[in-house]
There are 2 protein chains.
Amino acid sequence: MNRKATALDVAKLAGVSRSAVSLVLNGRGNGNVASSSQQRIRDAAAALNYSPNRIALSLRNQQSGVIGIVSDQVVTSPFDGNIIAGADAVARSQGFVTLVMDTESDITRDESAVETLLDRQVDALMYVTVGLRPLHVPQNMARVPSILANCFDDRPDAGVPAVIPDEVRGGREATEHLMSLGHRDIAFLAGDSLTPAAPRRIDGYRTAFAAAGLPVDEDRVRQVGWDTDTGFHGAMKLLDGVQPGNRPTAILCANDRLAIGVVLACYRLGLDVPQDVSVMGYDDEFRIASTMVPALTTMALPLREMGAEAMTALLAEVAASPNERHDDGASTSGVNAAEVASSAATSMVRCQLVVRNSTGPVPAGR
Amino acid sequence: MNRKATALDVAKLAGVSRSAVSLVLNGRGNGNVASSSQQRIRDAAAALNYSPNRIALSLRNQQSGVIGIVSDQVVTSPFDGNIIAGADAVARSQGFVTLVMDTESDITRDESAVETLLDRQVDALMYVTVGLRPLHVPQNMARVPSILANCFDDRPDAGVPAVIPDEVRGGREATEHLMSLGHRDIAFLAGDSLTPAAPRRIDGYRTAFAAAGLPVDEDRVRQVGWDTDTGFHGAMKLLDGVQPGNRPTAILCANDRLAIGVVLACYRLGLDVPQDVSVMGYDDEFRIASTMVPALTTMALPLREMGAEAMTALLAEVAASPNERHDDGASTSGVNAAEVASSAATSMVRCQLVVRNSTGPVPAGR
DNA sequence: TTGAAAGCGATACCAC
DNA sequence: GTGGTATCGCTTTCAA
């Protein structure tokens, strides 16, 4: 537990000055330091297992190499986690580190989380949510480059870019997959309207029907919630005691857990999936969708991709922004602000259809 | 995006020196600074929305207030996430922040993750794994106080304390719950032996049988894997085409996803849960176990608790350790090393039985 | 009661 | 080619 070696230790051991050490170790030795000294410095550094103190570096460079992430719930959900994982991988590949503050869905902790991060001199901020949702970005977020992942600020002048999944398209393509199998009577168990995800997916569903020239039977669209039990009961209402000819031939679910409930209900009723009823999920939840019986056809949320894309955009902004050093850059920062504003668009990432075994051709005669 | 105010700005605005600002804002104003100045300083600080730069503070105090966490997979699993959440909550309550590095299960990244964290001057390190498992702690971890959560170092002289779930007891108490409902023919679908979790839970199962004076039917213990589909097929082998009198009356699963598979199999066979067969999970996976149909009786892994306990112990060590300042403390550090070694024990956290609706009394006549 | 100065570790400029 | 020195923001003596 002894202290780490500092540049001064290396300098002493090599018999040179700190500056020489700094130059050599940062690749600017040639032309500045005698090659004999260079070698001694390198040897000394290796011997002492030297690596620079990032804290000191941060102070000196006014650049911490830390990206702050505010999350409303890393904890319990694999969703957020995957977004953050995607973001972190990109950050790491560029020498940054991510510092996550979880507010555990307590909005009053938003500001203070950002404050804490800002005090620690993060170079940029990302706000990540578990479910797609609108929010008002904390005031103080504007002090550094920022981006939203899986959420968006619905105020017209918010000016913070966002990366979200293209839910409308996802809903449409999911529906189209079922239609391509011959299904026309497709029920949609659709979560609730507490987040925009379900409504948007429903929009996509309607779009698909419209494109196919088919009417939507409103009774087939039911916002039941997001969990297995609500999926179960929703499916029961749709299927139990209903004549085979009046059953929907496919049930599209707003997430995979609902789909599990639907499959449970089918089995309980002696119905085969997908022979009698096709069931489709959404999210492609890790270790859930792929190992179901039958394995779930689903629409994968591009979580890692969203995180990666958001971080890529964010780091580009960090690189572009006038390093915050007081290089009297009033003029340049004007230019930069314009750039930022223009790029403060919302980027939509496409969901990916994953075909497995829970969907099949429509039963004969339907 | 303008720069944050520094202590110097505050001093200027209040018409005093930096030192005065520091003293007052750290509560050592009385007796050192005139109360009129104190007020002016406080006003100035508030006006400028001043808060100290933690980077500068860290450098100055040789204490970063950051706890490094190395995780093998935060990402995909809600498990790790909960451990980290528990740890983070404790850390935050004591003014620390956690910096997580995910190795994505790539062991070769262990050392470098620790190195990165160490370069950033973390005050302590925690190593967290998704599944309970033995490991060799990275060499360089020893440079700061460290602890393991959900994993342990099986070398006798490792000397790093660990916090793990008491799996043997969990397995026993799960089995005892079923026995208390009258079950005697209890099958155990038990994951695999790639991690110590399944074997330990099986140990607990055997312990319960031994305590009840009952023999274990070895054919009832099957290590099938950890996923829904393996649970489904495992249950099928146990139940399909078997005379009711020869069926196990209860199936204990090594995790909740297996239990889902078992319930699916039961429904498919026209068996009711828990009327015909009791099914029990393990883990109490968030949003999975509680919303199943029927809601799963399960043995909850104490994830948050483990994280919290590990962090509490770790911070205690940080507080106790001679602040790493070069207070020529060769002697005291000797004492401290002894303390550490003595406390390098493994702490077992108890799993919690959660009774829901998937277990019930043994069918009449069995 | 106040302010000047040292130093935490590293870098970069600028005299030598 | 080389090493002294200012600087990043803050705390903490110490001298006035």
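Labels below follow one simple rule: chain letters A, B, ... track the order of the sequence lines, proteins then strands, and each chain is numbered from 1.
In this view, A/Glu111 satisfies the salt bridge (charged side-chain N to carboxylate O under 4.0 Å, His left out) rule with no residue, not counting sequence neighbours. Scanning for salt bridge (charged side-chain N to carboxylate O under 4.0 Å, His left out) contacts around A/Arg155 gives A/Asp153, with sequence neighbours left out.
Distance CD (A/Gln63) to P (C/dT11): 14 Å, rounded to an integer number of Å. Atoms CG (A/Leu8) and P (C/dG7) sit 12 Å apart, rounded to a whole Å. Residue B/Asp119 contributes atom CG, which lies 14 Å from atom P of C/dG9 at whole-angstrom precision. Taking atom CZ of residue A/Arg60 and atom P of nucleotide D/dC8, one finds them 8 Å apart after rounding to whole Å. Computed from coordinates, the A/Arg120 CZ to D/dG9 P distance equals 17 Å when rounded to whole Å. Atom pair B/Asn32:CG and C/dT2:P shows a separation of 10 Å (rounding to whole Å applied). As a whole-Å value, the separation of A/Leu59 CG from C/dG9 P is 12 Å.
With values rounded to the nearest 0.5 angstrom, A/Glu305 atom CD is found 10.5 Å from A/Ile83 atom CD1.
A/Asp9 has no carboxylate O lying under 4.0 Å from a charged side-chain N of A/Lys4, or vice versa, which leaves the two without a salt bridge.
Counting only distance, with no hydrogens or angles, the side chain of B/Asn26 and the backbone of B/Ser22 share a donor-acceptor pair below 3.5 Å.
Heavy-atom minimum distance, A/Asn150 versus A/Val130: ND2-O, 3.0 Å. Taking all atoms of both residues into account, the shortest heavy-atom contact from A/Asp123 to A/Gly65 is OD2-N, 2.7 Å.
Using a 4.0 Å cutoff on non-hydrogen atoms, the parts of residues 12-29 of chain A near DNA chain C are A/Ser19, A/Ser22, A/Asn26, A/Arg28, ordered by number. For the segment residues 36-55 of chain B, residues with any heavy atom less than 4.0 angstrom from an atom of DNA chain C are, sorted by number, B/Ser37.
For A/Gln62, a side-chain nitrogen or oxygen approaches OP1 or OP2 of D/dG9 to under 4.0 Å.
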Could you please spell out the steps behind the side chain to side chain contact (heavy atoms under 4.5 Å, CB included) verdict for A/Val97 and A/Arg54? CA-CA 11 Å; A/Val97 129; A/Arg54 293 288 275 126; over 6 Å; no

Apply side chain to side chain donor-acceptor pair (under 3.5 Å) to residues A/Ser347 and A/Glu309 and explain how you reach the verdict. CA-CA 9 Å; A/Ser347 165; A/Glu309 181 174 325; 2.3 Å; yes

Please assess A/Arg109 against A/Ser112 for the test side chain to side chain donor-acceptor pair (under 3.5 Å), listing each intermediate value before the final yes or no. CA-CA 5 Å; A/Arg109 265 167 53 189; A/Ser112 79; 5.6 Å; no

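Mapping B/Ala56 and B/Val33 onto DNA chain C via the closest heavy atom, the residue that lands nearer the 5' end is B/Val33.
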Could you list the donor-acceptor pairs under 3.5 angstrom formed by side chains in residues 11-21 of chain B, with sequence neighbours left out?
from	atom 1	to	atom 2	distance (Å)
B/Ser17	OG	B/Ser19	N	3.4
B/Ser17	OG	B/Ser19	OG	3.3
B/Ser17	OG	B/Ala20	N	3.4

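The rotation axes computed at either terminus of the helix from C/dT1-D/dA16 to C/dC16-D/dG1 lie 70° apart, taking five pairs at each end and rounding to 10 degrees.
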